[in-house]
Amino acid sequence: MIPMILFNQVNKWYGEYQALTDLSAEIKSGEVVVICGPSGSGKSTLSRTVNRLEPIGQGQILFDGVDIHGTSTRLNQLRTRIGFVFQSFNLFPHISVIDNIMLSPAKVLGVKRSQARRHAVELLDRVGLANKANAYPAQLSGGQQQRVAIARALAMNPPVMLFDEPTSALDPEMVGEVLNVMRGLANEGMTMMCVTHEMNLAREVADTIWFMDEGRILEKAAPAAFFTAPRHPRAQRFLADLRQH
Ligand SMILES: Nc1ncnc2c1ncn2[C@@H]1O[C@H](COP(=O)(O)OP(=O)(O)OP(=O)(O)O)[C@@H](O)[C@H]1O
């Protein structure tokens with residue numbers, strides 16, 4: 001079976017600065033990959049290349065066999081198939097929660113409004129916000145807004161969900177509710193690529209951890225191995241630093 005996402009010798013520069021170096025890796029269907037590493041190691045850059053928020057300099061990224069950065073790949077089509085959840089929630093402030101969730105299925109996929117609404121109601125229930133359908137984003141807490149953002153991404157039925165530090169902007173008491181939704185998705189078999197500093201989540205749900213430093217993946221390992229006996233000295237130092245803080 002072809003991997004869901006394949007990174008093949010990816011290199012990326014910001015001007016003179018090389019942010020990703022000869023990076024090769026793959027994510028299989030149903031696999032949960034958690035990417036960790038020190039600040040500035042290239043984790044967000046890598047995740048942003050997957051839905052073409054960032055161009056790459058060299059190499060290839062294939063999504064379900066299709067070259068993401070190929071000139072013939074239509075960006076809209078690609079983005080409908082990858083659910084992306086950022087640190088900032090980016091909900092439309094002037095429309096209700098349920099309208100935020102229904103918008104893309106109705107507008108982009110042409111799903112009937114009644115059907116889009118039914119699905120949105122189900123998704124709100126799934127993220128624990130069935131009673132907030134008619135609220136506006138500003139009336140919700142950060143954790144609630146992030147759960148709406150996850151529901152909005154799921155409304156497109158994407159085969160893959162990408163999370164880029166989804167809990168970093170949240171007050172500590174809000175983090176758990178978002179992690180619970182992510183745990184649920186992982187347990188349901190969703191293919192996920194998650195950049196996160198939440199090592200407990202990594203421990204619990206990851207099939208594979210990618211440890212990045214200086215634009216390279218220095219270690220790929222199952223959580224049990226990574227957290228008990230990391231092989232790369234920089235991974236050892238990273239985990240030791242985490243334990244101290
Ligand atoms: N738009 C940009 N222009 C120039 N350099 C950038 C840009 N975005 C990121 N960088 C640099 O690329 C490197 C990787 O950044 P990136 O945000 O991918 O790291 P990260 O591992 O996600 O860090 P953090 O955990 O702090 O979010 C950093 O040195 C950063 O300064």
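This chain uses plain numbering: 1 for the first residue, then up along the sequence. In each ligand, atom 1 is the first atom listed, and ligand 1 is the first ligand listed. Just so you know, these numbers use all the heavy atoms, side chains as well, and skip hydrogens, waters and symmetry mates.
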Note to self: G40 versus ligand 1: do any nitrogen or oxygen atoms come within less than 3.5 Å of each other?
What the structure shows: yes
Check: Does the distance from a Lys or Arg side-chain N to an Asp or Glu carboxylate O, for R81 and D64, drop under 4.0 Å?
Finding: yes
Margin query: Looking only at protein heavy atoms, which one is nearest to atom 26 (O) of ligand 1, and what is the separation?
Written below: S39 OG, 2.6 Å
Check: Which ligand 1 atoms, with their elements, are less than 4.0 angstrom from a heavy-atom of H197?
Finding: 25 (O)
Item checked: Full working for side chain to side chain donor-acceptor pair (under 3.5 Å) between E165 and H197 -> CA-CA 7 Å; E165 301 193 8; H197 294 284; 3.1 Å; yes
Item checked: Straight-line distance of T21 OG1 to N11 CG, nearest 0.5 Å -> 6.0 Å
Item checked: F227 six-ring centre to R203 NZ/CZ under 6.0 Å and within 45° of normal -> yes
Check: Using a heavy-atom cut-off of under 4.0 Å, does the side chain or the backbone of E165 touch ligand 1, or both, or neither?
Finding: side chain
Check: Would the number of heavy atoms belonging to other residues, nucleotides or ligands and lying under 6.0 Å from OH of Y14 be above 12?
Finding: yes
Check: Can you tell me if S41 and D213 form a side-chain donor-acceptor pair at under 3.5 Å?
Finding: no
Notebook entry, point to check: Heavy atoms of the protein only: does one fall short of 4.0 Å from atom 31 (O) of ligand 1?
Noted result: no
Margin query: Would you compute the distance between atom CD of E204 and atom CD of E198 and round it to the nearest 0.5 angstrom?
Written below: 10.0 Å
Check: Closest heavy-atom contact between Q145 and L140?
Finding: NE2-O, 3.2 Å
Checklist line | Under 4.0 Å to a heavy atom of T45 - the qualifying atoms of ligand 1, by number | finding: 14 (C), 15 (O), 16 (P), 18 (O)
Item checked: Identity and separation of the nearest protein heavy atom to atom 25 (O) of ligand 1 -> K43 NZ, 2.8 Å
Notebook entry, point to check: Can you find an N or O of E54 that's nearer than 3.5 Å to an N or O of ligand 1?
Noted result: no
Check: Out of W13, Y14, Y17, who gets a non-hydrogen atom closest to atom 8 (N) of ligand 1?
Finding: Y14
Notebook entry, point to check: Numbering the atoms of ligand 1 from 1, which are under 4.0 Å from a heavy atom of S41?
Noted result: 19 (O), 20 (P), 21 (O)
Check: Is the closest N or O pair between G42 and ligand 1 shorter than 3.5 Å?
Finding: yes
Next item on the list: Check each atom of ligand 1 against the heavy atoms of P38 and keep those under 4.0 Å away; list them by number with element.
Entry: 21 (O)
Next item on the list: Could you pull out, from G215, C36, S44, G15, the option with a heavy atom nearest to atom 17 (O) of ligand 1?
Entry: S44
Notebook entry, point to check: Going from CZ on R231 to CZ on F226, what distance comes out if it is rounded to the nearest 0.5 angstrom?
Noted result: 9.5 Å
